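Input: a single structure, listed below in structure tokens.
Not measured: the values here are computed from a predicted model.
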Amino acid sequence: MKNPWKVQLSAPDINDADIQAVVNVMKSGRLALGPQTEAFEKAMADYVGAKHALAVSSGTTGLHLLVRALGIGPGDEVLVPSFTFVASVTPVLFEHAQVRFVDIQKNSFCMDVSDAEKKISKKTKAIMAVDPFGHPADWKALTELAQAHNLKIIDDSCEALGAEFDGKKLGTFG
């Protein structure tokens, strides 16, 4: 009997043009930092409405670069929703900072802003909000909370490419 509980969340959508594009890059001798990377970064920045975009090897790498760029390290805390992927936590721990988990909202699985406010301490340096499955966090309330407590925001929108909050693309709030 077929397992009725096995649910495939996603499958690759690759066509012949995609395969040919990969072959063209491989034949170019520029597997990284070449013209295709530059074109992708420009297209992504234009798409989300950001001044710049940087291509990295993974969402985890991108989050790690953000944590490091913000100077988060030993003795610091970062608020992270309790429902997330390990990639939201790993960069914080790698920099020897502490993760402080925040409850989520039942309907959206996004960070509960009122619980986030309760979890802020003198050690808190940033809020890393996640937009799970394309559901936007309450960016208006999160931005106001961060500004009120002089905190940085990290927008983990890895699962939300193309989704919007108040007409603004996710990934541009941090």
Side-chain angles (χ1 to χ4, degrees), residues 6-26 30-70 72 78-95 99 101-102 104-113 116 126-146 151-174:
K6 187 174 182 179
V7 176
Q8 187 170 347
L9 293 178
S10 63
D13 182 15
I14 300 170
N15 60 35
D16 289 337
D18 298 327
I19 294 168
Q20 188 59 53
V22 171
V23 169
N24 292 343
V25 169
M26 293 176 71
R30 296 288 306 270
L31 301 184
L33 305 176
Q36 293 302 319
T37 302
E38 292 170 10
F40 173 77
E41 290 171 339
K42 181 175 181 348
M44 187 58 64
D46 291 345
Y47 177 70
V48 299
K51 190 173 182 180
H52 302 285
L54 297 174
V56 293
S57 60
S58 67
T60 307
T61 300
L63 293 171
H64 188 195
L65 290 173
L66 289 169
V67 168
R68 182 167 280 187
L70 294 174
I72 295 168
V78 178
L79 303 183
V80 177
S82 58
F83 180 77
T84 189
F85 184 67
V86 68
S88 304
V89 175
T90 305
V92 177
L93 297 177
F94 190 85
E95 293 301 321
V99 172
F101 287 109
V102 176
I104 59 168
Q105 299 170 332
K106 287 181 182 179
N107 296 332
S108 69
F109 301 108
C110 293
M111 183 179 283
D112 182 322
V113 179
I127 299 170
M128 183 185 298
V130 179
D131 302 304
F133 311 118
H135 296 289
D138 186 347
W139 287 106
K140 182 178 187 303
L142 284 167
T143 301
E144 290 171 359
L145 179 64
L151 301 175
K152 302 296 183 187
I153 294 182
I154 300 170
D155 181 355
D156 181 352
S157 60
C158 293
E159 293 185 0
L161 184 61
E164 297 181 1
F165 179 82
D166 283 345
K168 188 175 173 183
K169 296 276 191 221
L170 298 181
T172 60
F173 288 91

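Other residues, nucleotides and ligands place no more than 12 heavy atoms under 6.0 Å from the CD atom of Gln36. The number of heavy-atom neighbours closer than 6.0 Å to NZ of Lys42, taken from other residues, nucleotides and ligands shown, is 12 or below. Few gaps surround CG on Asn15; more than 12 heavy atoms of other groups in view lie less than 6.0 Å from it.
The shortest heavy-atom contact between Gly134 and Ala160 is CA-CB, 3.7 Å. Smallest separation of non-hydrogen atoms from Cys110 and Pro136: SG-O, 3.5 Å. Of all the heavy atoms in Gly171 and Ser157, the pair that sits closest is CA-OG, 3.1 Å. Closest non-hydrogen pair, Ser88 versus Leu63, comes out as CA-CD1, 4.1 Å. In terms of heavy-atom proximity, Val102 sits nearest to Ala116 at CG1-N, 3.5 Å. Nearest heavy atoms, Gly162 versus Lys169: O-NZ, 3.7 Å.
Sequence neighbours left out, the pairs with a member in residues 126-142 that pass side chain to side chain donor-acceptor pair (under 3.5 Å) are Asp131-Trp139, Lys140-Glu144. Pairs of residues two or more places apart, or lying in two chains, never qualify as salt bridge (charged side-chain N to carboxylate O under 4.0 Å, His left out) while including a residue from residues 13-22. Legend: salt bridge (charged side-chain N to carboxylate O under 4.0 Å, His left out) pairs involving residues 154-163, not counting sequence neighbours: none detected.
For the atom pair OG1 of Thr172 and CZ of Phe165, the computed distance is 11.0 Å after rounding to the nearest 0.5 Å. Note that OG1 of Thr60 is 11.0 Å distant from CG of Leu65, once rounded to the nearest 0.5 Å. Note that the CG atom of Leu142 and the CE atom of Met128 stand 13.0 Å from one another [nearest 0.5 Å]. In this structure, Thr143 OG1 and Phe173 CZ are separated by 7.0 Å, a value rounded to the nearest 0.5 Å. Once rounded to the nearest 0.5 Å, the distance linking CE of Met44 with CG of Leu161 reads 5.0 Å.
Between Phe85 and Val130, every side-chain heavy-atom pair lies at or beyond the 4.5 Å cut-off. Contact check for Leu31 versus Met26: side-chain heavy atoms found under the 4.5 Å cut-off. Side-chain contact between Ile72 and Lys152 is absent, with no heavy-atom pair separated by less than 4.5 Å. Using a 4.5 Å cut-off on side-chain heavy atoms (C-beta onward), Leu145 and Leu151 make no contact. Residues Glu95 and Arg68 have side chains in contact (heavy-atom distance under 4.5 Å, counting atoms from C-beta outward).
Distance alone, capped at 3.5 Å, places no donor-acceptor pair between the Thr84 side chain and the Pro81 backbone. With hydrogens and angles ignored, the 3.5 Å screen pairs a side-chain donor or acceptor of Ser58 with a backbone N or O of Thr61.
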